[in-house]
Asker: 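Please read through the structure below; I'll follow up with questions.
Indexing begins at 1, ligand by ligand and atom by atom, following the structure's order. Computed from a predicted model, the values in this text were never measured in an experiment.
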Amino acid sequence: MKLMIINGPNLNLLGIREPDHYGRETYADLIAKIERHAESIGVEVICLQSNHEGDLVDFIQSAYGTCDGIVINPGAYTHTSIAILDAAKSVSLPLVEVHISKVEEREDFRQISYIRLAALKTITGHGTDGYPEAMDFLCAHIKGGA
Ligand code: DQA
């Protein structure tokens, strides 16, 4: 089984950006956590990050036929991007939306999520532990459907 883990804009600055919301772990720490977890549950992962909306669309498209599921934190594009939603709907892969912060307790403009319309599940406010949780959920879902 292979999962694609996609992170959107500014998530490369984890550890530096707004630690009250996003904690002190760096992006490298996050990737190490994901890779350790992948090994422990016996799945392959490909981790990708971009600050550019079109790249995120390209990543999702490239998962078609190569990955079994997607974990995505689209960052601020969560709240604006129909293109990313359309890409997710186009490939029709099982997808979990992750947010490090508790978005539902933040500003009004963060209360809209386009990607949620293509997500099996949304995890918010669990810090970077939300990623391994999303991987576990996808694994169970994919195995259950096999
Ligand atoms: C975020 C929440 C978004 O509102 C924000 O724009 C981000 C990070 C999160 O992980 O909590 O960049 O997706």
Asker: Go through ligand 1 atom by atom and flag the ones less than 4.0 Å from a non-hydrogen atom of His79.
Answerer: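 Close to His79: 3 (C), 4 (O).
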Asker: Is the backbone N or O of Thr78 less than 3.5 Å from a side-chain atom of Ser81, with the two atoms forming a donor-acceptor pair by type?
Answerer: no
Asker: With respect to Leu11, determine whether any N or O atom, backbone or side chain, lies less than 3.5 Å from an N or O atom of ligand 1.
Answerer: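 Min N/O separation from ligand 1 is not below 3.5 Å for Leu11.
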Asker: Hey, what's the ring geometry for Phe109 with His79, parallel, tilted or perpendicular (30° and 60° as the breaks)?
Answerer: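 Phe109 vs His79 ring planes: perpendicular.
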Asker: Show your reasoning for whether salt bridge (Lys or Arg N to Asp or Glu O under 4.0 Å) applies to Asp29 and Arg24.
Answerer: CA-CA 9 Å; Asp29 295 334; Arg24 299 255 171 219; over 6 Å; no
Asker: What verdict does the salt bridge (Lys or Arg N to Asp or Glu O under 4.0 Å) test give for Glu39 and Arg36, after you've listed the backbone C-alpha separation in whole Å, the side-chain angles of each residue and the deciding distance to 0.1 Å?
Answerer: CA-CA 5 Å; Glu39 204 178 330; Arg36 267 196 315 274; over 6 Å; no
Asker: Please list the nearest protein heavy atom to atom 11 (O) of ligand 1 with its residue and the distance rounded to 0.1 Å.
Answerer: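 Result for atom 11 (O) of ligand 1: Ser101 OG, 2.6 Å.
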Asker: What is the nearest protein non-hydrogen atom to atom 1 (C) of ligand 1, stated with its residue, atom name and distance?
Answerer: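 Ranking protein heavy atoms by distance from atom 1 (C) of ligand 1, first comes His99 ND1, 3.7 Å.
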Asker: Should the proximity of Lys102 to ligand 1, defined as any heavy atom under 4.0 Å, be assigned to the side chain, the backbone, both, or neither?
Answerer: neither
Asker: Taking 4.0 angstrom as the limit and counting only heavy atoms of Ile100, give me the atoms of ligand 1 inside it, by number and element.
Answerer: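 Those qualifying, in numeric order: 9 (C), 10 (O), 11 (O).
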Asker: Could you tell me if the side chain of Glu97 sits less than 4.5 Å from the side chain of Leu120, heavy atoms only?
Answerer: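 No, their side chains stay 4.5 Å or more apart.
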Asker: Which is it for Arg110 and ligand 1 at heavy atoms under 4.0 Å: side chain, backbone, both or neither?
Answerer: side chain
Asker: Could you establish whether Arg17 and ligand 1 come within less than 4.0 Å of each other, counting only heavy atoms on the residue side?
Answerer: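 Heavy atoms of Arg17 do come under 4.0 Å of ligand 1.
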Asker: Check the pair Thr128 / Lys33 against side-chain hydrogen bond (donor to acceptor under 3.5 Å, both in side chains), numbers first and verdict last.
Answerer: CA-CA 8 Å; Thr128 59; Lys33 179 181 278 191; 2.7 Å; yes
Asker: With a 4.0 Å heavy-atom cut-off (strictly under), which part of Asn73 contacts ligand 1: side chain, backbone, both or neither?
Answerer: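 Asn73 to ligand 1: side-chain contact only, backbone stays beyond 4.0 Å.
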Asker: Under 4.0 Å from a heavy atom of Tyr22: give me the atoms of ligand 1 that qualify, with their elements.
Answerer: 2 (C), 5 (C), 7 (C), 8 (C), 9 (C), 11 (O)
Asker: Does ligand 1 have a heavy atom under 4.0 Å from the side chain of Val103, from its backbone, from both, or from neither?
Answerer: side chain
Asker: Please step through side-chain hydrogen bond (donor to acceptor under 3.5 Å, both in side chains) for the pair Asn51 and Gln49, ending with a clear verdict.
Answerer: CA-CA 7 Å; Asn51 295 323; Gln49 189 276 330; 3.1 Å; yes
Asker: Tell me, do Asn7 and Tyr131 make a side-chain contact under 4.5 Å, heavy atoms counted?
Answerer: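 Side-chain contact under 4.5 Å: yes.
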